[in-house]
Amino acid sequence: MRRLLLFDIDGTLVEGGPAKEAFHTALLETYGTAGPIESHEFSGKTDPQIARELLERAGLESHDVDAGLPELWRAYLRELEARLPADPMRVLPGVRALVDALAGLGDVALALLTGNIVRGAELKLGSAGLFQHFATGAFGSDSEERNDLPGFALERARRRWGFAFPAAEALVIGDTPRDVACGLAHGMVTVGVATGRFPADALRDAGAHHVVADFSDTESLVSLVVG
């Protein structure tokens with residue numbers, strides 16, 4: 001193994017789906033409020049961070065948020081699983097061809113680095129037929145702070161492939177400045193893809209080493225990430 005590729009999910013690999021509606025329903029069921037969910041910015045944040053921000057803005061104390069989180073995740077996953085068959089995630093253009101090409105390379109390891117809790121990530125990517133390509137990763141259920149996640153990803157990759165990937169040989173691939181920031185915080189190479197809410201200039205300004213418009217050019221992208 002030579003390169004560890006850590007992919008974000010929402011806005012990077014897939015889009016759409018019923019996650020926000022499922023989250024809204026679960027918040028109301030668990031806490032009686034969803035806070036200012038319609039106007040809230042979700043991009044690049046972990047699920048626990050989003051929940052805490054919404055609920056504290058609705059007036060809840062931090063300890064009350066913490067007390068309800070186990071039930072929130074149960075309700076959210078139940079709602080997400082029930083809704084996905086009718087509204088599956090949509091694979092973004094070029095993603096399937098890129099993942100297939102990378103999965104065929106012997107010196108590349110594919111993993112996830114996402115703010116989704118782990119079962120949410122599995123359900124979302126499973127609905128799009130992509131989850132089987134990613135052997136491990138780091139998730140919002142590991143830490144509320146996205147910048148903590150690369151450390152979990154490196155350790156799990158070491159256990160999965162029996163190789164201690166240097167941070168400099170790991171790439172974080174995502175569509176938000178927060179994806180870029182968490183990779184830079186650990187000395188990783190960062191690839192910004194302008195397929196989400198943020199344009200290419202915003203990803204460059206965040207410090208991304210490389211920025212691409214999308215994943216449509218499979219050959220060029222393979223060359224870029226393999227090095």
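- Using a 4.5 Å cut-off on side-chain heavy atoms (C-beta onward), L27 and T33 make no contact.
- With sequence neighbours excluded, no residue satisfies salt bridge (Lys or Arg N to Asp or Glu O under 4.0 Å) with R57.
- Counting heavy atoms from C-beta outward, L171 and L6 have side chains that stay 4.5 Å or more apart.
- Checked by atom type and distance alone, the side chain of S141 never pairs as donor or acceptor with a backbone atom of I117 at under 3.5 Å.
- For S143 and E145, the side-chain atoms include no donor-acceptor pair closer than 3.5 Å.
- The two atoms that bring L4 and A153 nearest to each other are CD2-O, 4.5 Å, heavy atoms only.
- Linking ILVMFWY residues whenever their side-chain heavy atoms come closer than 4.5 Å, directly or via other members, leaves L203 and V212 in distinct clusters.
- Taking 4.5 Å as the limit, every side-chain heavy atom of P93 sits out of range of all side-chain heavy atoms of F215.
- Applying the salt bridge (charged side-chain N to carboxylate O under 4.0 Å, His left out) definition to pairs two or more places apart or across chains, none involves residues 214-227.
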What do the steps show when you test L102 against V99 for side-chain contact (heavy atoms from CB on, under 4.5 Å), and what is the final call?
CA-CA 5 Å; L102 293 170; V99 170; 5.7 Å; no
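- When only modelled atom types and interatomic distance are considered, D175 and T12 share a side-chain donor-acceptor pair under 3.5 Å.
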For residues 76-85, dump all side-chain donor-acceptor pairs below 3.5 Å to protein atoms at least two apart in sequence or in another chain.
{"residue": "R78", "atom": "NH1", "partner": "E29", "partner atom": "OE2", "Å": "3.3"}
{"residue": "R78", "atom": "NH2", "partner": "E29", "partner atom": "OE1", "Å": "2.7"}
{"residue": "R78", "atom": "NH2", "partner": "E29", "partner atom": "OE2", "Å": "3.4"}
{"residue": "E79", "atom": "OE1", "partner": "R83", "partner atom": "NE", "Å": "3.1"}
{"residue": "E79", "atom": "OE1", "partner": "R83", "partner atom": "NH2", "Å": "3.1"}
{"residue": "R83", "atom": "NH2", "partner": "T25", "partner atom": "OG1", "Å": "3.1"}

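- The aromatic rings of F23 and W73 lie parallel to each other, with less than 30° between the two planes, well short of the 60° mark.
- Note on R156 versus D142: salt bridge recorded, some NZ/NE/NH1/NH2 to OD/OE distance being below 4.0 Å.
- Rounded to the nearest 0.5 Å, atoms CD1 (I50) and CD (E144) are 10.0 Å apart.
- By the side-chain hydrogen bond (donor to acceptor under 3.5 Å, both in side chains) test, E61 is found to be paired with no residue, residues two or more places apart in sequence or in another chain being considered.
- Neither L184 nor L113 shares a network with the other; the hydrophobic side chains, linked directly or stepwise wherever heavy atoms of I, L, V, M, F, W or Y lie under 4.5 Å apart, form separate groups for each.
- In this structure, the separation between CZ on R2 and CZ on F163 is 10.0 Å, given to the nearest 0.5 Å.
- Listed for the Y31 side chain is no donor-acceptor partner under 3.5 Å among the backbone atoms of L60.
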When you look at F42 and K20, which way does the side-chain contact (heavy atoms from CB on, under 4.5 Å) test go after all the steps?
CA-CA 9 Å; F42 280 49; K20 187 172 182 178; 4.3 Å; yes
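- Cluster annotation: M89 and L112 are assigned to the same hydrophobic cluster (Ile/Leu/Val/Met/Phe/Trp/Tyr, side-chain heavy-atom contacts under 4.5 Å, transitive).
- For the pair P150 and C182, the minimum side-chain heavy-atom distance is below 4.5 Å.
- In this structure the side chain of D10 reaches within 4.5 angstrom of the side chain of N116, judged on heavy atoms.
- Residue A208 comes nearest to G192 through the heavy atom pair CB-N, 4.1 Å, listed as atom of the first residue, atom of the second, then distance.
- Smallest separation of non-hydrogen atoms from G140 and T46: CA-CB, 4.1 Å.
- In the hydrophobic clustering of ILVMFWY residues, with side-chain heavy atoms under 4.5 Å counting as a link, L98 and V211 come out apart.
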Go through the steps for L5 and V108 under the test side-chain contact (heavy atoms from CB on, under 4.5 Å), then give the verdict.
CA-CA 7 Å; L5 308 184; V108 169; 3.5 Å; yes
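- In this structure, V180 is not a member of the same hydrophobic cluster as V225, with clusters built from ILVMFWY side-chain heavy atoms closer than 4.5 Å.
- Contact annotation: the side chain of R146 approaches that of L149 to within less than 4.5 Å [non-hydrogen atoms, C-beta and beyond].
- Residues S62 and E56 come closest through the heavy atom pair CB-OE2, 3.5 Å.
- S127 contributes a side-chain N or O that, together with a main-chain N or O of K124, makes up a donor-acceptor pair within less than 3.5 Å.
- When all heavy atoms of V222 and A101 are compared, the closest pair comes out as CG2-CB, 4.0 Å.
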Apply the test side-chain contact (heavy atoms from CB on, under 4.5 Å) to residues V14 and L130: give CA-CA distance (whole Å), side-chain angles for both, the deciding distance (0.1 Å), then the verdict.
CA-CA 9 Å; V14 295; L130 289 175; 4.0 Å; yes
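- H24 and A34 get closest at one heavy-atom pair: CD2-CB, 3.3 Å.
- You'll find the side chain of M188 reaches within 4.5 Å of the side chain of L154, heavy atoms only.
- In summary, the side chains of R197 and T176 do not present any donor paired with an acceptor at a separation below 3.5 Å, with no hydrogens or angles considered.
- Proximity of a side-chain donor or acceptor of R160 to a complementary backbone N or O of E155 within less than 3.5 Å is not detected.
- For residues 110-146, the set of pairs meeting the ring-ring contact (aromatic ring centres under 6.0 Å, His included) definition, not counting sequence neighbours, comprises F7-F134.
- With sequence neighbours left out, the side-chain hydrogen bond (donor to acceptor under 3.5 Å, both in side chains) criterion links R204 to D201.
- Not one N or O on the side chain of H210 forms a donor-acceptor pair closer than 3.5 Å with the backbone of V191.
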